[in-house]
Amino acid sequence: MRQKGHRHGEAVSPCAGCKLLRRKCVKICVFAPYFPAKEPYKFAIVHKIFGASNVNKMLQVLSENHRSDAVNSLVYEANARVQDPVYGCVGTISSLHRQLETLQTQLAIAQAELVHMKTLHHVDTRSSPYMASSITFPAIKDFSSDDNMAFMYDNGAGESLWSC
């Protein structure tokens, strides 16, 4: 992450942190690996929000393998604080949480509608033994007496049944 030839007796170009603070960039500069001179805006925004001294202390406490993630987090949090001075990252998290809840509600409604539609489709396609299309009447046309009120229906299994 350090610039090639940065500390080997050649002309030393300061990191973004030392350049902004107007100090000499030393060999053991904690800012140099994470705030290169090509990205001065990163250190400027972190310095504005957290202060160089606080950032230095945070990086000194962390192990070297965690420092890069910490710097990325500090830059993100500083940008969020500049965009939303009151809530910062919490505002972004809250907004995303509300979006998630809305989308989960919409998904639940869509799933319920899908189940409802499948249920309706299932009921419509099932053959009911009491449907009018499967009823056949006997050839006797005189329905005036109770003896002739018998009719035959198909139970859906290919069997014809008599009922009174």
Side-chain angles (χ1 to χ4, degrees), residues 1-135 154-158:
M1 297 213 189
R2 290 182 185 212
Q3 296 174 1
K4 197 171 189 176
H6 183 70
R7 308 277 186 234
H8 296 287
E10 299 174 13
V12 177
S13 61
C15 67
C18 292
K19 190 171 188 177
L20 184 74
L21 299 173
R22 296 173 187 233
R23 65 182 192 193
K24 183 179 179 184
C25 193
V26 295
K27 185 177 180 180
I28 57 170
C29 177
V30 73
F31 299 133
Y34 312 106
F35 299 104
K38 293 179 183 178
E39 300 174 339
Y41 58 90
K42 282 174 62 174
F43 185 79
I45 196 163
V46 169
H47 170 60
K48 179 179 179 180
I49 300 300
F50 299 106
S53 178
N54 290 329
V55 174
N56 186 15
K57 290 175 191 174
M58 285 186 239
L59 292 177
Q60 296 265 342
V61 171
L62 294 171
S63 62
E64 285 193 34
N65 57 343
H66 290 108
R67 288 180 183 174
S68 179
D69 291 334
V71 167
N72 290 336
S73 181
L74 288 170
V75 170
Y76 182 82
E77 290 181 38
N79 280 318
R81 185 60 64 179
V82 167
Q83 291 175 3
D84 185 354
V86 175
Y87 296 107
C89 286
V90 175
T92 304
I93 292 167
S94 296
S95 174
L96 290 172
H97 186 68
R98 283 190 302 273
Q99 288 178 11
L100 178 63
E101 287 175 340
T102 301
L103 290 172
Q104 286 174 334
T105 301
Q106 290 174 352
L107 178 61
I109 290 169
Q111 287 174 333
E113 288 177 3
L114 183 61
V115 168
H116 180 69
M117 296 302 285
K118 283 183 179 180
T119 303
L120 288 177
H121 180 69
H122 183 65
V123 168
D124 289 344
T125 59
R126 268 197 339 211
S127 175
S128 174
Y130 304 107
M131 292 176 62
S133 63
S134 63
I135 297 175
D154 182 9
N155 70 355

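Throughout, residue positions are numbered sequentially from 1 according to the sequence presented.
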- Item | Residue pairs passing the side chain to side chain donor-acceptor pair (under 3.5 Å) test where at least one lies in residues 77-86, sequence neighbours excluded | Ser73-Glu77
- With sequence neighbours excluded, tell me which residues meet side chain to side chain donor-acceptor pair (under 3.5 Å) with Ser94. none
- Message: Once side-chain contact (heavy atoms from CB on, under 4.5 Å) is applied, do any residues pair with Leu21, and if so which ones, sequence neighbours excluded?
- Response: Arg23, Phe31, Phe43, His47, Ala52
- Task: Answer yes or no: is there a side-chain heavy-atom contact under 4.5 Å between Leu59 and Val55?
- Result: yes
- Message: Strictly by salt bridge (Lys or Arg N to Asp or Glu O under 4.0 Å), give each pair with a member in residues 41-53 just once, sequence neighbours left out.
- Response: Glu39-Lys42
- Item | CA sep, side-chain torsions, deciding dist, call: Val115, Thr119, side chain to side chain contact (heavy atoms under 4.5 Å, CB included) | CA-CA 6 Å; Val115 168; Thr119 303; 4.2 Å; yes
- Residues which pass side-chain contact (heavy atoms from CB on, under 4.5 Å) with Val82, listed by chain and number, not counting sequence neighbours: Ile45, Ile49
- Taking only residues two or more places apart in sequence or in another chain, which ones pass side-chain contact (heavy atoms from CB on, under 4.5 Å) with Ser95? Arg98, Gln99
- Heavy-atom pair of closest approach, residues Ala32 and Cys25: CB-SG, 4.4 Å
- Residues forming a side chain to side chain donor-acceptor pair (under 3.5 Å) with His116, sequence neighbours excluded: none
- Can you name the side chain to side chain donor-acceptor pair (under 3.5 Å) partners of Gln111, sequence neighbours left out? none
- residues 49-68 vs salt bridge (Lys or Arg N to Asp or Glu O under 4.0 Å), sequence neighbours excluded, gives none
- Item | Residue pair Leu74 / Phe50: nearest heavy atoms and the distance that separates them | O-CE1, 3.6 Å
- Item | With Ser63 via side chain to side chain donor-acceptor pair (under 3.5 Å) - residues at least two apart | Asn65, His66
